[in-house]
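What follows is a single structure, written as C-alpha cells, with notes after it.
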Amino acid sequence: MNILLVHGPNLNLLGKRQPEIYGTQTLDNINHYLIQVAQKQGVELKTFQSNHEGAIVSEIGDNIDWADGILINPAAYTHTSVAIRDALSAVTLPVIEIHLSNIYKREGFRHHSYVSPIAVGVISGFGSHSYELALNAMINILQQIEKENTG
Ligand code: DQA
C-alpha cells in the first residue's frame, strides 16, 4: 500500500511560521513521525513539499502508477488552484484534504476549497494531529478497497 503526502506552499516553514496558528512542530518532525506510523501498518508513505503550483501538479501526475491514495495539504493553493484540483481528479485516486488550522474559523477567503469537492473527506483544525487522522483514515479506505477487490 503506497500513500503520497503532498504539502503546499509555506509549509516548509512550519515550526517558525505563526506557531499560534500552525503549531511548533517542523515539517521534518511531522513527516518522520507519519512515515513511522505508516511503516508500523505496512504502508509506504512518500512525502513531498513545494512552494510551486506546477511542481505539485507534476508530483501528483508522476505518481499516478505508484500511489494508491493521496493526502494533501494544498495550503494557500486550496483556495486558488484549479490546476491542483484537476491533477487530483486526473489520477482518480482517493484524496484526503488536510489543514492544520480550522479554515472555517478563519478569514472568509479560506472558506472556499477547490479540492474539497473531489476529496473523500477533509480534516481541518487539529494541528499536526490532522495529518495522523488523515493517514489512518486513508489506510482504512485502502483496506476497504483491497477487501472489495479480493473478496
Ligand atoms: C492551511 C490553511 C490555508 O488557508 C493556509 O493558506 C495554509 C495552511 C492549514 O494547514 O491550516 O498555508 O492549509
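First listed ligand is number 1; within each ligand, the first listed atom is number 1.
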Run the side-chain hydrogen bond (donor to acceptor under 3.5 Å, both in side chains) test on Asn51 and Gln49 for me, step by step, so that the C-alpha distance in whole Å, both residues' side-chain angles and the decisive distance to 0.1 Å come before the verdict. CA-CA 7 Å; Asn51 294 327; Gln49 189 277 330; 2.9 Å; yes

Are there any protein N or O atoms under 3.5 Å from the N or O atoms of ligand 1? List them with distances, or say none.
residue: ligand 1; atom: 4 (O); partner: His79; partner atom: NE2; Å: 2.7
residue: ligand 1; atom: 4 (O); partner: Arg110; partner atom: NH1; Å: 2.9
residue: ligand 1; atom: 6 (O); partner: Ala76; partner atom: N; Å: 3.2
residue: ligand 1; atom: 6 (O); partner: Arg110; partner atom: NH1; Å: 3.1
residue: ligand 1; atom: 10 (O); partner: Asn73; partner atom: ND2; Å: 2.9
residue: ligand 1; atom: 10 (O); partner: Leu100; partner atom: N; Å: 2.8
residue: ligand 1; atom: 11 (O); partner: Leu100; partner atom: N; Å: 3.3
residue: ligand 1; atom: 11 (O); partner: Ser101; partner atom: N; Å: 2.9
residue: ligand 1; atom: 11 (O); partner: Ser101; partner atom: OG; Å: 2.6
residue: ligand 1; atom: 12 (O); partner: Arg17; partner atom: NH1; Å: 3.1
residue: ligand 1; atom: 12 (O); partner: Arg17; partner atom: NH2; Å: 3.0
residue: ligand 1; atom: 13 (O); partner: Asn73; partner atom: OD1; Å: 2.8
residue: ligand 1; atom: 13 (O); partner: His99; partner atom: ND1; Å: 2.8

Between the main-chain N or O of Ala75 and the side-chain N or O of Thr78, is there a donor-acceptor pair closer than 3.5 Å? yes

Are Met138 and Leu4 connected in the hydrophobic side-chain network, where two residues link if heavy atoms are under 4.5 Å apart? no

Taking the six-membered ring for Trp, are the ring centroids of Tyr131 and His7 within less than 6.0 Å of each other? yes

side-chain hydrogen bond (donor to acceptor under 3.5 Å, both in side chains) between Tyr33 and Gln25, intermediate numbers included: CA-CA 11 Å; Tyr33 176 69; Gln25 292 239 48; over 6 Å; no

Main-chain N/O of Asn2 paired to Asp68 side chain as donor or acceptor, under 3.5 Å: yes

